[in-house]
Amino acid sequence: MLYFFGEDDMRPEDQLIGRRREKLAKLREMGVEPYPYRFQATHTSREVKDEFDALSSARDPVSLAGRIMSIREHGKTCFSHIQDGEGRIQIYIRRDVVGNEAFSAFKLLDIGDIIGVRGTVFRTRTGEITVEVRSFQVLCKSLRPLPVVKEKVEGDKRIIYDPFTDKEQRYRQRYVDLIVNPDVREVFRRRTEIIRVLREFLDERGFLEVETPVLQPVYGGASARPFVTHHNALDMDLYLRISNELYLKRLIVGGFEKVYEFSKDFRNEGMDRLHNPEFTLLEAYQAYADYHDIMDLTEDMLSHAAEEVLGTTKLVYQGTEVDLTPPWRRIRMLEALEEEVGVDPRELSDEALRKLCLSHGLDVDGGMGRGKMVDKLFDEVVKPQLVQPTFVVDYPVETSPLAKRHRDDPELVERFELFVSGMEIANAFSELNDPEDQMRRFQEQMRLRERGDEEAQVLDRDFIRALEYGMPPTGGLGIGVDRLVMLFTDMPSIRDVILFPHMRPE
RNA sequence: GGGCCCGUAGCUCAGUCGGUAGAGCAGCGGCCUUUUAAGCCGUUGGUCGCAGGUUCGAUUCCUGCCGGGCUCACCA
């Protein structure tokens, strides 16, 4: 029990909390309930500002609720800002208006407390729209001190003083980040908006949104190591999905011709500014389409999203202008590579290819297949150059076991990846629907696995069985939603667009 | 996992070439009836991330550990 200790024994933070507990007790003594059940607001802060002219001339009372973000006591009056879901608004409270008792109660409030106020709207001498409080109600007493971020507006510039910047605390205590950093709230609003627009786009084109298993007995659809979990009743291991691709294609077999899912996927790998162990992938499949159709779809969808969410297809990412206005550049993977290194990797022996990789500082081990080496080389020399939206098409068959062979070249597959600002944003292909070729590809993956490639894909017999019933020619698409949000919000790290990014335990 | 950097008051940061620390904001006590980074006067608050080592003495130097950031590697 805290009460049994003197202040001398308390941690300084507990002293601050103790002060607030004392105020809480005083409020209760005054008959104020600090945690009531509801409050009926008539307006939001934004509505009060938008409707200021009508509200102020009619002297109509408004009521609104929010969190106290600043307090400026001024003798027998007090100015304060409260923050609701849409912004901040100043309130002005006078002892001669609310009465002695209410004014004393108000003085027991702290930054961080949540109140409801009722009053009339006016403009202060300095021009700020303000609610003159007639009455107020405590809606929640807060016990823990909030970082106090001050802000000065000079013309159109906002100068922030003592911003709450500690990344660890911001990610661990995102609620605090959201309270004190309005820009962070804006990022996540925009994230939701982006997802809404993508969903709308697909719905309008007749795609069916579906849900597929997160817990899978056989994981597949991507090259990655999975998280393993255990089902007690069945006494069996299950995997958290690394992709939902194989399930969505089963649905195409089943006769749905256009399906999509916003899929939270899990990959048991390292994390950096582009990778979080759990992330959101939008996958979409369209029957009777090939990767050219999917390229057009992707271009339409993402430029449309930019137009809807940003109001333009030109954006700035980390200081560089990116123009998403279609059409986007399309280049062949091996040609792009040849342009950078001066030789078509297919003309090189395994050994020469390995040497080329080494000369670019790449760490290639003996067991690594040609496909993987080409992939790494591409990532190293080409990918960083792809700032403007670019479709890279036609990949080597080895690294794409679920894609259909290229109609003109059996060593390639009909696959594209979309790069923007050096980031891979989308991955798509003409889906492999030949069950026998699919079986051979799985077997090749198994061989890679036996040679130690832990990311090689595993054989999914039921998926083969499904293909044996027949899947129409199909185009499939995966879009990294988190990265798309990074691009649209100009955020440098994936952790800035995931509300609760993965952290080590405190 | 490698490299570099960081961890000092609730928040943002100084500082100590080794002698156990300081500011602003927040808090607390005053004054102030249109302020706005409100102001003015006064004031509380710290096992300087943790554990060892060196030393008469460590927050400062060294080592290890924990947590974080950036980066490379791994990886979509």
Side-chain angles (χ1 to χ4, degrees), chain A residues 7-8 10-20 22-23 69-81 88 90-98 103 110-112 122-128 130 132 142-154 158-173 176 180-181 221-225 242-243 265 267-277 279 281 361-365 372 375-376 378-380 383 399 417 419 423-427 453-455 478-480 482-483 492-495 503-506:
Chain A
E7 217 166 71
D8 294 346
M10 285 188 194
R11 288 166 46 233
E13 186 174 10
D14 292 333
Q15 290 176 25
L16 293 172
I17 292 172
R19 296 240 185 271
R20 290 180 176 224
E22 287 164 16
K23 293 179 183 178
M69 298 305 290
S70 66
I71 295 173
R72 291 179 295 283
E73 276 193 65
H74 211 288
K76 296 173 185 62
T77 72
C78 183
F79 286 92
S80 167
H81 276 94
R88 289 184 189 184
Q90 180 166 261
I91 61 172
Y92 177 50
I93 183 161
R94 298 169 58 112
R95 194 173 73 172
D96 61 6
V97 172
V98 299
F103 196 73
D110 289 295
I111 289 173
F122 75 108
R123 218 183 259 279
T124 60
R125 203 181 281 163
T126 49
E128 179 161 353
T130 301
E132 180 171 341
S142 102
L143 296 179
R144 206 168 269 278
L146 205 58
V148 178
V149 179
K150 299 214 172 188
E151 180 182 312
K152 181 162 71 175
V153 180
E154 248 177 26
R158 256 170 66 221
I159 306 166
I160 312 276
Y161 296 86
D162 300 333
F164 178 62
T165 50
D166 185 275
K167 283 193 175 158
E168 181 172 2
Q169 287 196 77
R170 287 186 45 221
Y171 296 147
R172 284 194 197 281
Q173 296 182 225
V176 175
V180 303
N181 290 327
S223 300
R225 281 183 288 173
I242 59 172
S243 156
D265 294 344
R267 297 187 184 174
N268 206 339
E269 288 159 356
M271 33 207 289
D272 58 32
R273 76 176 200 95
L274 295 175
H275 299 87
N276 194 63
F279 63 103
L281 206 55
L362 294 171
D363 172 27
V364 285
D365 60 64
K372 200 155 183 182
D375 223 39
K376 289 184 73 137
F378 178 86
D379 279 0
E380 177 68 19
K383 189 158 96 173
T399 46
E417 293 188 305
F419 294 89
M423 289 191 283
E424 184 203 331
I425 297 290
N427 180 23
D453 184 349
E454 287 185 74
E455 283 106 33
I479 289 180
D482 310 285
R483 293 179 186 176
S493 166
I494 197 166
R495 309 179 119 197
M503 300 287 279
R504 278 198 175 79
E506 278 179 86

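Sequence lines set the chain letters: A, B, ... in the order given, protein chains first and strands last, and positions in each chain run from 1.
- Note on K150(A): a side-chain N or O is less than 4.0 Å away from OP1 or OP2 of A26(B).
- Within the 4.0 Å cut-off from OP1 or OP2 of G10(B), not a single side-chain nitrogen or oxygen of Q15(A) is found.
- Within 4.0 Å of R20(A), counting heavy atoms only, lies no atom of the nucleic acid at all.
- Checking the phosphate oxygens (OP1, OP2) of G67(B), no side-chain nitrogen or oxygen of K167(A) falls inside 4.0 Å.
- Between the side chains of R20(A) and S142(A), at least one donor N or O lies within less than 3.5 Å of an accepting N or O.
- Counting non-hydrogen atoms under 4.0 angstrom, D166(A) reaches the backbone sugars and phosphates but no base.
- We find that CD1 of I160(A) is positioned 14 Å from C1' of C25(B), with the value rounded to whole Å.
- You'll find that the side chain of F164(A) is closest to U12(B), out of A73(B), A37(B), U12(B).
- Among the nucleotides C28(B), C11(B), G67(B), the one closest to the side chain of E168(A) is G67(B).
- With a 3.5 Å ceiling on both atom-pair distances, C32(B) lacks any Watson-Crick or G-U wobble partner.
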Practice task
Would you sort out whether D14(A) and R11(A) count as a salt bridge (Lys or Arg N to Asp or Glu O under 4.0 Å), showing the intermediate values?
Solution key: CA-CA 5 Å; D14(A) 292 333; R11(A) 288 166 46 233; 3.2 Å; yes
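- Comparing the same atom, C1', in C62(B) and in U55(B) gives a spacing of 12 Å after rounding to whole Å.
- Between K376(A) and the phosphate of A73(B), there is no side-chain N or O to OP1/OP2 separation shorter than 4.0 Å.
- Spacing between atom CG of D375(A) and atom C1' of C75(B) amounts to 11 Å, rounded to whole angstrom units.
- Along RNA chain B, the nucleotide closest to S493(A) and the one closest to K76(A) are compared, and the more 5′ of them pairs with K76(A).
- Shown here is R144(A), whose CZ atom has no more than 12 heavy atoms of other residues, nucleotides or ligands within 6.0 Å.
- Between R273(A) and U71(B), a side-chain N or O to OP1/OP2 separation shorter than 4.0 Å is absent.
- Straight-line distance from the CZ atom of R95(A) to the P atom of C31(B): 11 Å, rounded to whole Å.
- The separation of G24(B) from U43(B), taken at their C1' atoms, amounts to 15 Å, rounded to a whole angstrom.
- Base pairing of C17(B) is not made with any nucleotide, judged by Watson-Crick or G-U wobble geometry with both donor-acceptor distances under 3.5 Å.
- Here the nucleotide nearest the side chain of P145(A), chosen from A37(B), C28(B), G10(B), is G10(B).
- Base-pair partner of C50(B): G64(B) (Watson-Crick or G-U wobble, both distances under 3.5 Å).
- Of the candidate nucleotides C32(B), U35(B), U33(B), C32(B) has the atom nearest to the side chain of E73(A).
- Put simply, CD on E13(A) is 18 Å from P on A26(B), counting in whole angstrom units.
- Within the nucleic acid shown, E424(A) comes within 4.0 Å of at least one base atom, counting heavy atoms only.
- Side-chain nitrogen and oxygen atoms of R125(A) include at least one within less than 4.0 Å of the OP1 or OP2 phosphate oxygen of U35(B).
- Rounded to an integer number of Å, the gap from I111(A) CD1 to A37(B) P is 14 Å.
- Look at the P atom in both A9(B) and A14(B): the space between them is 12 Å, to the nearest Å.
- Distance, L274(A) CG to C72(B) P: 10 Å, rounded to whole Å.
- The residue among Y92(A) and T165(A) whose nearest nucleotide of RNA chain B lies closer to the 5′ end is T165(A).
- A distance of about 25 Å separates the P atoms of C74(B) and C65(B), rounded to the whole Å.
- Each of G10(B), C75(B), C11(B) was ranked by its minimum atom distance to the side chain of E269(A); first place goes to C75(B).
- Using N1 to N3 plus N6-O4 or O6-N4 for Watson-Crick, or N1-O2 and O6-N3 for G-U wobble, each under 3.5 Å, C70(B) pairs with G3(B).
- C72(B) atom P lies 13 Å from atom NE2 of H275(A), rounded to whole Å.
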Practice task
Show your reasoning for whether side-chain contact (heavy atoms from CB on, under 4.5 Å) applies to T124(A) and Q90(A).
Solution key: CA-CA 10 Å; T124(A) 60; Q90(A) 180 166 261; 3.6 Å; yes
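- Donor-acceptor pairing under 3.5 Å, judged by distance alone, is present between the side chain of D162(A) and the base of G24(B).
- G45(B): no Watson-Crick or G-U partner with both key distances under 3.5 Å is found in any strand.
- Judged purely by atom type and a 3.5 angstrom limit, D453(A) uses its side chain to pair as donor or acceptor with the backbone of E455(A).
- When the C1' atom is used for both A26(B) and C11(B), the distance is 8 Å, rounded to whole Å.
- Across all strands shown, E128(A) has heavy atoms under 4.0 Å from base atoms, whether or not it also approaches the sugar-phosphate.
- Only the P atoms considered, C66(B) is 39 Å distant from C25(B), to the nearest whole Å.
- When distances are taken from the side chain of E380(A) to each of A73(B), C11(B), A9(B), the shortest belongs to A73(B).
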Problem - Evaluation steps, side-chain contact (heavy atoms from CB on, under 4.5 Å), between I71(A) and E73(A) - result: CA-CA 6 Å; I71(A) 295 173; E73(A) 276 193 65; 4.2 Å; yes
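- For the residue pair H81(A)/E128(A), the side-chain donor-acceptor check at 3.5 Å is satisfied.
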Distances for protein N or O near nucleotides 1-4 of chain B N or O, under 3.5 Å:
none

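- Comparing the C1' positions of G15(B) and C75(B) gives an interatomic distance of 43 Å, to the nearest angstrom.
- If you check A9(B), G68(B), U33(B) against the side chain of R172(A), the one that comes closest is G68(B).
- Separating the NE2 atom of H74(A) from the C1' atom of G39(B) is a distance of 8 Å, rounded to the nearest angstrom.
- Nucleic acid contact class of A224(A) (heavy atoms, under 4.0 Å, all strands): sugar-phosphate only.
- The nucleotide whose nearest atom lies closest to any side-chain atom of D272(A) is, among G46(B), U34(B), C74(B), C74(B).
- A sub-4.0 Å separation between OP1 or OP2 of U35(B) and a side-chain N or O of R72(A) is absent.
- In terms of modelled atom types and a separation under 3.5 Å, the side chain of R267(A) and the main chain of I242(A) share a donor-acceptor contact.
- Of the candidates V176(A), N181(A), V180(A), R170(A) forms a side-chain contact (heavy atoms from CB on, under 4.5 Å) with just one, namely N181(A).
- Side-chain atoms of M271(A) and P277(A), non-hydrogen and from C-beta on, do get closer than 4.5 Å to each other.
- Formation of a donor-acceptor pair under 3.5 Å by the R483(A) side chain with backbone atoms of L274(A) is found in this model.
- Between F79(A) and H74(A), the ring-plane angle classifies as perpendicular under the 30° and 60° cut-offs.
- Comparing G19(B) with C61(B), their P atoms sit 11 Å apart, to the nearest whole Å.
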